[in-house]
Engineer: 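What follows is a structure written as structure tokens; I'll ask about it next.
Predicted model only: the values in this text are computed from it and were never measured.
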Amino acid sequence: RYCRVNVPDELLRDLLPGPVTLVLERSEELNKDLNPFTSLVGVRIPDHPFMRDLARACPGPLALTSANISSQGSTLTVLEFQDLWPQLSLVIDGGPIGDIQSPECRLGSTVVDLSVSGKFSIIRPGCALTPTVEILKKKYGLVPESS
């Protein structure tokens, strides 16, 4: 509804829900104030029960950002970003979003651009790079955009 999907539904099911953000061409239905200077939009369905319940309760898409300063490690609990609370309208504690002892969990989602048919481009390696690339190349025959 909010983006143009040019990959098989099975590919979407193989990567989502999970720690992957798919970058696709935005549709006309998506609010033009969200990422107004690009024709692309990142779509993520996290594998976290609280976040999925919250998304189901909302009538439209959720525009979210990570709870950290850009280029810093991802936060996994609400207390880890309490220095940002004064700048926020709302903080909801849905519990930890990963193993707080795991450095991999702090890498954030793997961001992959699928907006060019038959190709992919890794925007951010993130925590699921290897399995994501394996699925894209081996199962679906997509090639890196630089090829």
Side-chain angles (χ1 to χ4, degrees), residues 1-98 104-129 131-137 139-147:
R1 180 176 178 188
Y2 300 109
C3 60
R4 292 186 181 91
V5 179
N6 61 349
V7 295
D9 287 349
E10 187 179 358
L11 185 150
L12 299 177
R13 286 190 292 275
D14 283 343
L15 296 177
L16 303 173
V20 179
T21 300
L22 303 180
V23 176
L24 300 162
E25 190 175 334
R26 65 187 296 136
S27 74
E28 291 298 317
E29 196 166 335
L30 186 64
N31 182 327
K32 290 175 183 20
D33 291 332
L34 299 176
N35 292 352
F37 303 110
T38 179
S39 63
L40 304 176
V41 63
V43 176
R44 173 126 192 262
I45 302 173
D47 194 13
H48 189 276
F50 173 78
M51 287 305 301
R52 292 177 66 193
D53 288 345
L54 180 64
R56 281 187 200 100
C58 296
L62 295 175
L64 302 173
T65 184
S66 300
N68 63 321
I69 304 297
S70 184
S71 79
Q72 291 184 354
S74 294
T75 58
L76 303 176
T77 69
V78 295
L79 293 178
E80 290 179 349
F81 65 92
Q82 64 185 345
D83 55 320
L84 297 177
W85 290 2
Q87 301 169 50
L88 305 174
S89 300
L90 176 69
V91 175
I92 301 173
D93 187 353
I97 59 169
E104 291 81 26
C105 284
R106 297 193 183 276
L107 294 175
S109 66
T110 295
V111 181
V112 59
D113 185 338
L114 295 175
S115 63
V116 177
S117 187
K119 298 186 177 191
F120 72 92
S121 175
I122 300 298
I123 295 172
R124 179 175 70 192
C127 64
L129 177 63
T132 299
V133 169
E134 187 170 305
I135 287 169
L136 296 174
K137 282 182 168 182
K139 188 169 182 180
Y140 295 98
L142 300 182
V143 295
E145 197 165 345
S146 59
S147 295

Engineer: Can you find a pair of side-chain heavy atoms, one from Met51 and one from Pro46, that are under 4.5 Å apart?
Structural biologist: yes

Engineer: Distance check, rounded to the nearest 0.5 Å: Ile135 atom CD1 versus Phe120 atom CZ?
Structural biologist: 11.5 Å

Engineer: Do Ile122 and Val133 make a side-chain contact, defined as non-hydrogen atoms from C-beta onward lying under 4.5 Å apart?
Structural biologist: yes

Engineer: Can you tell if the side chain of Ile45 reaches within under 4.5 Å of the side chain of Val20, non-hydrogen atoms only?
Structural biologist: no

Engineer: To the nearest 0.5 Å, what is the distance between SG on Cys58 and CG on Asp53?
Structural biologist: 11.0 Å

Engineer: As an exercise, state the distance from CD of Glu145 to CD1 of Ile123, rounded to the nearest 0.5 Å.
Structural biologist: 9.0 Å

Engineer: Using modelled atom types only, decide if a donor and an acceptor are shared between the side chain of Ser27 and the backbone of Arg1 within a distance under 3.5 Å.
Structural biologist: yes

Engineer: If you compare all heavy atoms of Glu104 against all heavy atoms of Cys127, which two are closest, and at what distance to 0.1 Å?
Structural biologist: O-CB, 3.2 Å

Engineer: So do Ser109 and Arg124 actually touch side chain to side chain, heavy atoms under 4.5 Å?
Structural biologist: yes

Engineer: Measure the CG-CZ distance between Leu30 and Arg4 for me, rounded to the nearest 0.5 Å.
Structural biologist: 10.5 Å

Engineer: Report yes if some heavy atom in the side chain of Leu114 is under 4.5 Å from a heavy atom in the side chain of Leu136; otherwise report no.
Structural biologist: yes

Engineer: Checking His48 side chain against Gly18 main chain: does a donor-acceptor pair fall under 3.5 Å?
Structural biologist: no

Engineer: I need the Thr77 OG1 to Ile97 CD1 distance, nearest 0.5 Å.
Structural biologist: 9.0 Å

Engineer: With a 4.5 Å limit on heavy-atom distance, are the side chains of Leu76 and Arg106 in contact?
Structural biologist: yes

Engineer: State which residue, out of Val112, Val41, Val111, fulfils the side chain to side chain contact (heavy atoms under 4.5 Å, CB included) condition with Val23.
Structural biologist: Val111

Engineer: Is the closest side-chain heavy-atom distance between Leu24 and Tyr2 below 4.5 Å?
Structural biologist: no

Engineer: Within the side chain of Thr110, is there an N or O that forms a donor-acceptor pair under 3.5 Å with the backbone of Leu129?
Structural biologist: yes

Engineer: For Arg44 and Leu22, indicate whether the former's side chain and the latter's backbone hold a donor-acceptor pair under 3.5 Å.
Structural biologist: no

Engineer: If you round to the nearest 0.5 Å, how far is CD of Glu25 from OG1 of Thr38?
Structural biologist: 9.5 Å

Engineer: Could you check whether atom CD of Glu28 has more than 12 heavy atoms from other residues, nucleotides or ligands sitting under 6.0 Å from it?
Structural biologist: no

Engineer: If we only count heavy atoms from C-beta on, is the Pro17 to Arg52 side-chain gap below 4.5 Å?
Structural biologist: yes

Engineer: Does the Tyr140 side chain pair with the main chain of Gly118, one donor and one acceptor, at a distance under 3.5 Å?
Structural biologist: no

Engineer: Kindly determine whether Lys139 and Asp14 satisfy side-chain contact (heavy atoms from CB on, under 4.5 Å), including the steps that lead there.
Structural biologist: CA-CA 10 Å; Lys139 188 169 182 180; Asp14 283 343; 2.9 Å; yes

Engineer: Leu40 and Asn35: side-chain contact (heavy atoms from CB on, under 4.5 Å), yes or no, with the steps?
Structural biologist: CA-CA 8 Å; Leu40 304 176; Asn35 292 352; over 6 Å; no

